[in-house]
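Have a look at the structure below, then the notes.
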Amino acid sequence: MSPDQISMEAIKHAVKALRKRHLLEEGAHAPAIIALSKPFVSQGSEWKEKAENLELELQQCYKAQARLSEQLVVEVAECRTLKALVQQKEALITDLQSGITQTRDECSRLKDILEEKTKALNLALSENQARTQLEEMTLKAKKAEAENKMLIDRWMLQKMQDAERLNEANAIYEDMMNQLKASGIEQLAWQQVGGVVRRFEAGAENFVESTVPTACKNKLNAHEGGCGSILFEHNSDKLITGGQDHTVKIWDTKTGILSHTLYGCLGSVLDLAVTHDNRSIIAASSSNNLYMWDVASGQVRHTLTGHVDKVCAVDVSKVSSRHAVSAAYDLTIKAWDIQKGYCVNTITFHSNCNALCFRMDGKTICSGHIDGNLRIWDLQTGKLLSEVAAHSHAITSICLSQSGNIVLTGGRDNLHNLFDTRSLEVCGTLRANGNRVASNWSRSCISTDDNYVAAGSADGSISIWSRFRTDIVCTLREHTAPVLSCSWSELGKPLASADKNGSVCIWT
């Protein structure tokens with residue numbers, strides 16, 4: 001039973017007891033009243049008055065009992081209320097004790113976390129202190145390395161100057177010996193063009209006029225991922241190709257057979273150059289380095305390091321097979337001694353160079369930049385000799401004619417301009433509807449007799465212009481991907497082209 005029910009039963013029981021007591025008292029007093037009234041009738045009013053008084057007292061007793069009963073009911077109700085309040089307080093106390101326990105647990109957990117954080121903070125402070133010390137040591141090491149590099153550069157420069165003086169002396173001696181051995185003026189001078197001695201390599205006596213190709217003789221699946229650079233060996237129909245698969249390959253264009261594959265490059269091949277004796281090949285790579293192979297052994301002879309971004313252009317001197325030049329997307333052009341494998345000079349400029357080539361004197365170079373300007377540099381001093389705004393967009397290609405008097409430039413404005421190298425005056429502008437340059441390193445070329453210009457297009461076609469009429473002679477179609485590079489053999493034919501899918505076409 002609930003506490004309320006128990007209280008109500010107690011109240012009912014008390015009321016019943018009072019009624020029973022009242023009835024008992026009435027039954028007990030009644031005989032006495034009757035007995036007294038009989039013998040004392042005589043006393044009459046006195047006893048009657050006493051009886052009335054007693055009855056009045058009895059009524060007062062009943063009233064007192066009623067008041068006590070009401071008071072009892074009120075007190076029982078108050079007890080019930082107080083009991084309920086006590087239960088609420090006990091429940092509240094229980095909740096508070098539970099909250100205190102949870103708070104103590106939370107405090108313990110937070111204390112543990114605080115200790116862990118303190119340990120972590122102390123560890124971080126110690127690591128930071130160690131890192132600071134390491135940075136100081138690294139800074140000192142870099143400073144020492146820079147000083148060491150400066151000393152080495154000075155020492156190498158001195159050695160280079162000594163070697164150059166020795167080479168000059170040897171060259172003078174060889175020239176004197178050659179002059180003594182020469183039997184006539186025909187052995188001392190080569191063919192002269194425009195007042196400039198035109199130098200041909202071995203096989204020039206067999207030189208024939210370039211022919212305009214009309215058909216694809218061979219189509220080679222040269223490289224996986226794309227072929228961006230091709231080049232013929234000097235006075236040869238052997239073709240050198242470089243691709244996205246990090247390899248350089250040499251092909252027999254007569255048969256379409258692969259003769260050699262050169263490995264060791266760690267990036268995509270972006271440009272190629274070959275020495276005049278065809279013994280060494282140099283590749284410009286996206287791995288920030290240049291790689292030089294010995295063709296006979298197929299081994300990497302030198303890895304030319306120094307650029308800090310992808311190397312996109314390379315060329316070898318027209319005079320000496322010892323000197324090369326390269327350009328990279330680190331705003332530098334570097335000159336190299338490729339016999340010893342080190343950099344001899346660095347030119348820094350605000351515009352990246354996409355293409356470059358040596359001029360016939362072997363001392364100056366032409367460079368084409370992303371700002372559209374063609375520039376002439378003195379390679380030994382690093383001085384800018386002249387420049388001209390060649391294109392409205394980036395220059396993608398530079399090709400020097402065999403005479404050395406004409407330089408061909410291609411640009412992202414889809415124009416191919418011809419400049420006189422002596423005055424940098426425009427002597428021709430070639431364009432064609434639909435001929436669009438495919439990339440920042442799309443290479444166009446000029447034929448051996450300087451009569452024709454070939455350039456690939458993003459639609460897979462190759463346009464061939466006559467330099468003198470500046471009009472389209474023919475359009476070759478065989479590629480199914482954008483053509484990235486064209487190269488004409490020094491023998492007058494064939495013409496080779498490479499596309500973005502890695503296919504190479506040989507045109508005759």
Side-chain angles (χ1 to χ4, degrees), residues 153 223 225-231 240-249 262-275 280-295 300-317 321-358 365-371 373-375 377 379 382 394-400 409-410 412 438-444 484-485 487 498 500:
D153 290 342
H223 297 274
C227 177
S229 182
I230 57 176
L231 177 70
I240 308 167
T241 65
Q244 299 288 326
D245 56 3
H246 303 182
T247 63
V248 174
K249 298 180 180 181
L262 305 178
Y263 299 96
C265 180
L266 300 181
S268 300
V269 177
L270 301 180
D271 199 14
L272 291 167
V274 60
T275 57
S280 299
I281 295 173
I282 305 175
S285 169
S286 62
S287 65
N288 306 347
N289 299 325
L290 294 104
Y291 300 89
M292 180 177 176
W293 288 270
D294 180 80
V295 176
V300 175
R301 182 180 175 188
H302 294 301
T303 299
L304 306 178
T305 60
H307 287 294
V308 295
D309 206 334
K310 57 187 174 186
V311 187
C312 54
V314 62
D315 194 25
V316 176
S317 170
S321 293
R322 179 171 187 169
H323 300 292
V325 64
S326 65
Y329 264 35
D330 56 6
L331 301 176
T332 65
I333 297 173
K334 290 184 179 291
W336 305 88
D337 184 329
I338 56 177
Q339 288 187 1
K340 295 185 176 180
Y342 62 79
C343 177
V344 296
N345 194 15
T346 299
I347 298 172
T348 303
F349 199 67
H350 63 79
S351 177
N352 278 319
C353 174
N354 279 337
L356 51 73
C357 68
F358 269 98
I365 62 170
C366 301
S367 63
H369 298 255
I370 62 174
D371 61 2
N373 284 10
L374 172 65
R375 295 179 171 89
W377 303 87
L379 197 57
I395 293 178
T396 67
S397 173
I398 286 184
C399 182
L400 188 69
T409 64
R412 293 293 280 182
S439 77
N440 282 342
W441 305 287
S442 293
R443 310 299 192 192
S444 54
L484 301 179
S485 182
S487 180
K500 200 170 184 179

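Here, residue 1 is the first one in the sequence, and each next residue gets the next number.
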Within-4.5 Å side-chain heavy-atom neighbours: [X] and [Y]:
X      : Y      : answer
Val344 : His323 : no
Tyr263 : Thr247 : yes
Asn354 : Ile395 : no
Leu266 : His246 : no
Lys340 : His302 : no
Asp315 : Ile398 : no
Arg443 : Ile230 : no
Leu304 : Ser326 : no

What heavy-atom pair brings [X] and [Y] nearest, and what distance separates the two atoms?
X      : Y      : value
Ala327 : Leu356 : CB-CD2, 3.4 Å
Asn352 : Asp330 : OD1-N, 3.7 Å
Gly264 : Tyr291 : O-CE2, 3.7 Å
Cys353 : Cys312 : O-SG, 3.1 Å
Cys357 : Leu400 : SG-CB, 4.0 Å
Ser397 : Ser442 : CB-O, 3.2 Å

Roughly how far apart are [X] [atom1] and [Y] [atom2], rounded to 0.5 Å?
X      : Y      : atom1 : atom2 : answer
Leu379 : Asn345 : CG    : CG    : 6.5 Å
Cys227 : Asp245 : SG    : CG    : 8.5 Å
Thr332 : Phe349 : OG1   : CZ    : 13.0 Å
Asn288 : His307 : CG    : NE2   : 9.0 Å
Ser367 : Leu374 : OG    : CG    : 7.0 Å

Query - Listed partners of Asp309 passing side chain to side chain donor-acceptor pair (under 3.5 Å), at least two apart - result: none

**Report entry** More than 12 heavy atoms from other groups under 6.0 Å of NZ on Lys500
**Finding:** no

Query raised in the report: Between Ser229 and Leu272, is there a donor-acceptor pair closer than 3.5 Å when you use the side chain of the first and the backbone of the second?
Result: yes

Report task. Check step by step if side-chain contact (heavy atoms from CB on, under 4.5 Å) holds for Leu331 and His350. Result -> CA-CA 6 Å; Leu331 301 176; His350 63 79; 5.7 Å; no

Query raised in the report: Which class fits the ring pair Tyr329 and Trp441: parallel under 30°, tilted 30 to 60°, perpendicular over 60°?
Result: tilted

Requested in this report: Please step through side-chain contact (heavy atoms from CB on, under 4.5 Å) for the pair Lys334 and Val311, ending with a clear verdict.
Outcome: CA-CA 10 Å; Lys334 290 184 179 291; Val311 187; over 6 Å; no

Report task. Any chance you could lay out the side-chain contact (heavy atoms from CB on, under 4.5 Å) test for Leu231 and Ile281, step after step, and finish with the verdict? Result -> CA-CA 10 Å; Leu231 177 70; Ile281 295 173; over 6 Å; no

Query raised in the report: Who passes salt bridge (Lys or Arg N to Asp or Glu O under 4.0 Å) against Arg375, sequence neighbours left out?
Result: Asp371, Glu387

Report task. Could you please spell out the steps behind the side-chain contact (heavy atoms from CB on, under 4.5 Å) verdict for Ile338 and Ser280? Result -> CA-CA 10 Å; Ile338 56 177; Ser280 299; 6.0 Å; no

